[in-house]
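We name chains A, B, ... by the order of the sequence lines, and we start the count at 1 in each one. Every value quoted in this text rests on a predicted model; they were computed, and no experiment measured them.
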Amino acid sequence: MPLLSQRPRGDICTEPLSAGKSRVRREKRQMIIGIEDDFSLEKMADCGQCFRAVCLPDGSYRFISREKVLNIREQVPHQFQVSCSEEEWDEFWRDYFDLSRTYKRIREDLLLQLSGERTTPFGQTSRGISEGDAATETARRQGSIDPGERCIQGLDVGSDAAIRFLTQAEQAGRGLRILRQDPWEMLITFIISQRKNIPAIRLAVEKLAMLYGHPVKEMLFTFPTPEELGRASEADLRTAGLGYRAPYVKDAADKVLSGALDLEALGKLDDGALFEKLMTVKGVGKKVANCICLFGFGRTSRAPVDVWIERAITLCGGVDPFPAFGEYAGIMQQYAFYYMTHQKM
DNA sequence: GACCAGGTGGCCT
DNA sequence: AGGCCACATGGT
């Protein structure tokens with residue numbers, strides 16, 4: 001039996017009503033938080049962006065980040081019982097769940113883009129042009145884009161097949177949010193993720209926490225800090241089951257501990273510079289760097305392409321549709337990833 | 001017991 | 001610049 005006896009599950013309804021901030025109903029320990037926006041605990045815990053969230057036997061979900069643990073359960077639609085103080089919710093978990101963004105509105109924008117009714121293009125407000133825009137541009141110049149495609153505001157969403165697929169993906173993924181996770185944990189976790197399926201990633205991360213993290217509760221350990229992980233030799237990491245990734249993880253820890261990779265400072269870089277800096281770590285290629293940008297630094301313009309998204313692109317007619325969503329490419333990608341991995345397409 | 005998994009580095013043209 | 005291939009280990 002693997003270390004993880006609990007897997008995300010459940011059937012929680014999360015139909016969004018109106019956009020807005022969450023409200024606090026009660027004080028102290030067992031608070032109730034009202035959240036009107038997209039917020040599916042089941043999907044967020046089981047969408048492949050965080051690997052330590054679990055559904056407990058009582059139907060509540062447990063999230064761990066840095067030194068903090070949260071138990072959260074949806075009592076009635078949009079009403080969530082949480083195990084933390086109001087202060088901790090406001091100072092930590094609200095940001096973790098990216099509640100300053102309104103996903104309901106973002107989805108409306110995505111659908112407008114899909115239907116061709118959007119009046120202003122994505123991706124012009126912040127952090128410049130994304131990597132994939134250039135690729136789409138290149139494809140256009142080379143004439144490799146299907147002539148039957150739709151072209152919206154100069155940004156190619158793709159063929160009718162792409163529009164159909166993405167519309168279904170948006171429906172399937174509704175309720176997801178891009179979690180604001182710890183950059184260091186994302187760096188190590190996504191280095192480990194290569195050539196592993198999601199259950200195997202969960203197991204590997206949980207093993208690292210148990211071996212090198214410290215306890216927050218009984219039988220529950222933090223993800224190891226750079227200092228803690230730095231105490232492990234490459235051989236130790238191999239023994240921990242990391243296989244050929246052990247030297248990659250070692251290199252990442254070395255770079256962070258030496259200051260060669262200052263994760264705090266990285267947060268101030270623009271998307272492109274951040275991406276390039278992450279790529280300097282051994283074992284961090286294009287896909288992993290984009291995952292760290294998206295899940296560790298909240299860079300929603302980054303849309304990682306893995307084997308699942310590769311298949312999605314094939315279904316869309318062979319042209320990567322995600323860069324056309326500009327600032328929200330990563331959110332559309334996450335819907336597509338969820339759709340692909342839960343439909344077994 | 002195959003075959004695959006949220007890929008990447010190194011080596012080859 | 002682009003096409004192969006090995007790579008450790010666990011899931012299905």
Checklist entry - Under 4.0 angstrom, heavy atoms only, what part of the nucleic acid is F295(A) near: base, sugar-phosphate, or nothing? => result base
Item to check | Touch class at under 4.0 angstrom, heavy-atom based, for G48(A) against every strand present | outcome: base
Checklist outcome for this item: By nearest-heavy-atom nucleotide on DNA chain C, the more 5' of Y244(A) and A200(A) is Y244(A)
Item to check | Span of DNA chain B, from the first to the last nucleotide whose atoms fall under 4.0 Å of chain A heavy atoms | outcome: dA5(B) to dG9(B)
Checklist entry - Distance between the P atoms of dT12(C) and dG7(B), in whole angstroms? => result 15 Å
Next on the checklist: Hydrogens and angles aside, do D46(A) and H342(A) bring a side-chain donor and acceptor to less than 3.5 Å of each other?
Outcome noted: yes
Checklist entry - Would you call R180(A)-D98(A) a salt bridge at under 4.0 Å N-O? => result yes
Item to check | C47(A) vs M279(A), nearer the 5' end of DNA chain B by closest nucleotide | outcome: C47(A)
Checklist entry - Heavy atoms under 4.0 Å, any strand shown: does R245(A) hit a base, just sugar-phosphate, or nothing? => result base
Next on the checklist: Please classify the nucleic acid contact of Q334(A) as base, sugar-phosphate, or nothing, using heavy-atom distances under 4.0 Å.
Outcome noted: base
Checklist entry - With distance as the sole test, does D182(A) use its side chain to make a donor-acceptor pair with the main-chain N or O of R66(A) at under 3.5 Å? => result no
Item to check | Protein-nucleotide distance (Y248(A), atom OH; dC7(C), atom C1'), rounded to Å | outcome: 7 Å
Next on the checklist: For dG10(C) and K207(A) - does any side-chain N or O of the residue sit under 4.0 Å from the phosphate oxygens OP1/OP2?
Outcome noted: yes
Next on the checklist: By the 4.0 Å heavy-atom rule, please label V284(A) as base, sugar-phosphate, or nothing.
Outcome noted: sugar-phosphate
Checklist entry - What is the distance from CG of N197(A) to C1' of dA8(C), rounded to the nearest Å? => result 14 Å
Checklist entry - With distance as the sole criterion, is a donor-acceptor pair present between the side chains of T239(A) and D236(A) under 3.5 Å? => result no
Item to check | Over-ring placement of K282(A) relative to Y248(A), 6.0 Å and 45° cut-offs | outcome: no
Item to check | Heavy-atom side-chain proximity of D271(A) to F297(A) below 4.5 angstrom | outcome: no
Next on the checklist: Suppose you measure atom P in dG3(C) against the same atom in dG6(B); what distance do you get, rounded to whole Å?
Outcome noted: 24 Å
Next on the checklist: Between dA6(C) and dC3(B), how far apart are the two P atoms, rounded to whole Å?
Outcome noted: 15 Å
Checklist entry - So F97(A) and F63(A), would you call those rings parallel, tilted or perpendicular, with 30° and 60° as cut-offs? => result perpendicular
Item to check | Distance (rounded to the nearest 0.5 Å) between Y328(A) OH and Q113(A) CD | outcome: 12.0 Å
Next on the checklist: Measure NZ/K196(A) against C1'/dC7(C) and give the value in whole Å, please.
Outcome noted: 12 Å
Checklist entry - On a whole-Å scale, what distance lies between the P atoms belonging to dA8(C) and dC11(B)? => result 15 Å
Checklist entry - Contacts to DNA chain B from residues 178-194 of chain A, heavy-atom cutoff under 4.0 Å, which residues? => result S193(A), Q194(A)
Checklist entry - Do side-chain atoms of S100(A) reach the backbone of D95(A) as a donor and acceptor pair under 3.5 angstrom? => result no
Next on the checklist: Go through it in stages, so that I can follow the logic: the residues are R52(A) and R202(A), the test is side-chain contact (heavy atoms from CB on, under 4.5 Å), and I'd like the CA-CA distance, side-chain angles, deciding distance and then a yes or no.
Outcome noted: CA-CA 6 Å; R52(A) 302 199 66 201; R202(A) 287 176 169 277; over 6 Å; no
